[in-house]
Amino acid sequence: MAAAQQGEADQLFDVRNSFYIGSYQQCINEAQKLKFSSPEKEIERDVFLYRAYIAQRKYGVVLDDIKPGAAPELQAVKMFAEYLSSEDHRDNTVSELDKKMAKNVDVSNTTFLLMASSIFLHEQNTDAALRTLHQGESLECMAMSIQIYLKLDRLDLARKELKKMHESDEDATLTQLSTAWMNLAMGGDKLQDAFYIFQEMADKYTATLLLLNGQAACQMAQGKWDDAEGVLQEALDKDSNHPETLINLIVLSQHLGKAPEVSNRYLSQLKDGHRGHPFVKEYMTKENEFDRLAMQYAPSA
């Protein structure tokens, strides 16, 4: 029996790993092949399956498949899909989440902690996201905390969280990715270390958009703009509408001195397909602010 469970745990490695490196279709394909004797493993498999569908913005699949009587972990995934699928109902989802957080939260339900934190993060409520994540002890909770600390420029706190990850499992994919993000934020000599982590993972598994954009970010930070262009072109060939790739291409085009229409095309594409993306929201706020100020200084007739 123990051997069978060990085998099941190993089977889930590919599902989890594919999700973490951003290989979402591979995650779905692997998950759909697996059958388990343990209900807990079936739930874990389905959690990653439906999170991969969410990452592909296929919210309808998740909303249709997960029924009201499903396990609490799956209900948490459905909550996140509901939040992302309808901007009109987001306030309701956040209100319901706040009520749940005010009660005794089952901290053993790591999926709930991650989905709740993801919603808070979309709402720009980093305090609530961190408070929620700190109730969990999983590597994924730690990795998400590191991303938030880096977003807040709190490298000191990110470093502490990364130390805990290394103590828990230094070879885990999430620990390696978090190390790369940390190195990228630190800059200088650490940029090459970060690049090697992204490159090694791409060679070992598959060159996903997440790993390619990681490599490109390292190269741009080192001023290797031509090298970064090749990597971003590879990412664009995989998905011509991926927001992070488009954002990096906007930055790259301007640094390479390309004609303004080149970066404007990427920007238009980004606005068209990803109006809810934080970069687009912030850009449009600044654009409107600039227009407002320009009107104040416009010559009167």
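Every value quoted in this text rests on a predicted model; they were computed, and no experiment measured them.
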*Taking the side chain from Gln176 and the backbone from Glu170, do they hold a donor-acceptor pair closer than 3.5 Å?*
yes
*How long is the gap from CD1 on Ile43 to OG1 on Thr111, to the nearest 0.5 Å?*
9.5 Å
_Atom of Leu74, atom of Ile66 and distance for their closest heavy-atom approach_ = O-CD1, 3.4 Å
*Is there a side-chain contact between Lys224 and Phe195 (heavy atoms, below 4.5 Å)?*
no
*Measure from the side-chain N and O atoms of Thr208 to the backbone N and O of Ile21, and report whether any donor-acceptor pair falls under 3.5 Å.*
yes
_Chi angles and distances behind the salt bridge (Lys or Arg N to Asp or Glu O under 4.0 Å) call for Glu289, Lys286_ = CA-CA 5 Å; Glu289 184 68 6; Lys286 288 188 169 130; over 6 Å; no
*Can you check whether Thr175 reaches Asp171 side chain to side chain, under 4.5 Å on heavy atoms?*
no
*Would you say Glu287 and Lys271 make side-chain contact, with heavy atoms under 4.5 Å?*
yes
*Hey, does the side chain of Gln75 reach the backbone of Pro68 with a donor-acceptor pair shorter than 3.5 angstrom?*
yes
*Rounded distance [0.5 Å steps], CZ in Phe120 versus CG in Asp127*: 11.0 Å
*Please report the closest heavy-atom contact between Pro243 and His277, naming both atoms and the distance.*
CB-CD2, 3.6 Å
*Does some side-chain heavy atom of Asn241 sit less than 4.5 Å from a side-chain heavy atom of Asp239?*
yes
*How long is the span from the CD atom in Gln135 to the CG atom in Asn109, to the nearest 0.5 Å?*
11.5 Å
_Heavy-atom closest contact (Ser117 atom, Ala129 atom, distance)_ = OG-O, 3.4 Å
*Crowding at CG, Asp156 (>12 non-hydrogen neighbours, <6.0 Å)*: yes
*For Lys100 and Val105, what are the C-alpha separation, side-chain angles and deciding distance, and is it a side-chain contact (heavy atoms from CB on, under 4.5 Å)?*
CA-CA 7 Å; Lys100 287 177 186 171; Val105 173; 5.8 Å; no
*asked:* Between Ser168 and Lys164 (side chain of the first, backbone of the second, donor and acceptor by atom type, cut-off under 3.5 Å), is there such a pair?
replied: no
_Reported CG-to-CG distance for the pair Leu177 and Leu211, which is rounded to 0.5 angstrom_ = 6.5 Å
*asked:* Quick test of your reading of the model: are Lys78 and Glu96 salt-bridged, counting only N-O distances below 4.0 Å?
replied: no
*Does one hydrophobic cluster hold both Met220 and Leu184, with members joined at side-chain heavy-atom distances below 4.5 Å?*
no
*Could you give the distance from CD (Glu137) to CE (Met142), rounded to the nearest 0.5 Å?*
7.0 Å
*Heavy-atom count around Arg159 CZ within 6.0 Å, excluding the residue itself: above 12?*
yes
*Could you go step by step and tell me if Trp181 and Tyr149 meet the side-chain contact (heavy atoms from CB on, under 4.5 Å) rule?*
CA-CA 11 Å; Trp181 299 329; Tyr149 286 137; over 6 Å; no
*Quick one: salt bridge (charged side-chain N to carboxylate O under 4.0 Å, His left out) partners of Lys204, sequence neighbours excluded?*
none
*asked:* Looking at Asn104, I'd like to know if its CG atom is crowded, meaning that more than 12 non-hydrogen atoms belonging to other residues, nucleotides or ligands lie closer than 6.0 Å.
replied: no
_N/O donor-acceptor pair under 3.5 Å between Asn213 side chain and Leu209 backbone_ = yes
Under 3.5 Å, sequence neighbours excluded: what are the donor-acceptor pairs made by side chains of residues 254-267?
residue, atom, partner, partner atom, Å
Lys258, NZ, Glu229, OE2, 2.4
Ser263, OG, Pro260, O, 3.2
Asn264, ND2, Pro260, O, 3.3

*asked:* For Ala194 versus Ala180, what's the shortest heavy-atom pair and its separation?
replied: CB-O, 3.5 Å
*Would Thr110 and Cys141 count as a side-chain contact (heavy atoms from CB on, under 4.5 Å) if you check the C-alpha gap in whole Å, the side-chain angles of each, and the deciding distance to 0.1 Å?*
CA-CA 8 Å; Thr110 299; Cys141 284; 4.0 Å; yes
*Provide the closest heavy-atom pair for Ala185 versus Leu150 in the form atom of the first, atom of the second, distance.*
CB-CD2, 3.7 Å
_Minimal non-hydrogen separation, Leu252 against Trp225, with atom names_ = CD1-O, 3.3 Å
*In one Ile/Leu/Val/Met/Phe/Trp/Tyr side-chain cluster, 4.5 Å: Phe198, Leu191*: no
*Under 3.5 Å, side chain of Lys238 to main-chain N/O of Ala207, donor-acceptor pair present?*
yes
*Would you say Ser18's side chain and Val15's backbone share a donor-acceptor pair under 3.5 angstrom?*
no
*May I ask you to decide if Ser240's main-chain N or O and Gln269's side chain share a donor-acceptor pair within less than 3.5 Å?*
yes
*Give a yes or no on whether the backbone of Ser145 and the side-chain of His134 come within a donor-acceptor separation of less than 3.5 Å.*
no
*asked:* According to a hydrophobic-cluster definition based on side-chain heavy atoms being under 4.5 Å apart (Ile, Leu, Val, Met, Phe, Trp, Tyr only), do Leu12 and Tyr20 belong together?
replied: yes
_Could you walk me through whether Glu42 and Glu40 satisfy the side-chain contact (heavy atoms from CB on, under 4.5 Å) test, starting with their C-alpha distance in whole Å, then the side-chain angles of each, then the deciding distance to 0.1 Å, before giving a yes or no?_
CA-CA 5 Å; Glu42 290 204 330; Glu40 290 83 4; over 6 Å; no
*With Phe19, which of Tyr50, Tyr53, Phe48 fulfils ring pair (Phe, Tyr, Trp, His ring centres under 6.0 Å)?*
Phe48
*Considering residues at least two apart in sequence or located in another chain, which fulfil the ring-ring contact (aromatic ring centres under 6.0 Å, His included) criterion with Phe112?*
none
*Mark yes when over 12 heavy atoms from residues, nucleotides or ligands other than His166 sit less than 6.0 Å from its NE2; otherwise mark no.*
yes
*Following the transitive rule for hydrophobic clusters with a side-chain heavy-atom cut-off under 4.5 Å over Ile, Leu, Val, Met, Phe, Trp and Tyr, establish whether Met144 and Met101 coincide in one cluster.*
yes
_For a 4.5 angstrom cut-off between non-hydrogen side-chain atoms, does Leu246 reach Leu236?_
yes
*When rounded to the nearest 0.5 angstrom, what is the spacing between NE2 in His122 and CZ in Arg90?*
7.0 Å
*Any salt bridge between Glu30 and Arg16, counting N to O under 4.0 Å?*
no
*asked:* Apply the hydrophobic cluster definition, ILVMFWY joined by side-chain contacts under 4.5 Å directly or through others, and give me every member besides Val231.
replied: Leu212
_How about NZ on Lys190, more than 12 heavy atoms from neighbouring residues, nucleotides or ligands closer than 6.0 Å, or not?_
no
*Aromatic rings Phe279 and Tyr283: how do their planes relate, parallel, tilted or perpendicular, breaks at 30° and 60°?*
parallel
*asked:* When you measure from the side chain of Ser86 to the backbone of Glu82, do you find a donor-acceptor pair of N or O atoms at a distance under 3.5 Å?
replied: no
*For Ile54, all residues meeting side chain to side chain contact (heavy atoms under 4.5 Å, CB included), sequence neighbours excluded*: Tyr59, Val62, Val77, Phe80, Ala81, Leu84
*side chain to side chain donor-acceptor pair (under 3.5 Å) with Gln222: which residues, sequence neighbours excluded?*
Gln192
*Would Leu133 end up clustered with Ile146 when hydrophobic side chains under 4.5 Å apart are linked, directly or stepwise?*
no
*Decide yes or no for Met115 and Arg51: does some side-chain heavy atom of the first lie under 4.5 Å from some side-chain heavy atom of the second?*
yes
*Might you confirm whether atom CD of Gln56 has over 12 heavy atoms from other residues, nucleotides or ligands at distances under 6.0 Å?*
yes
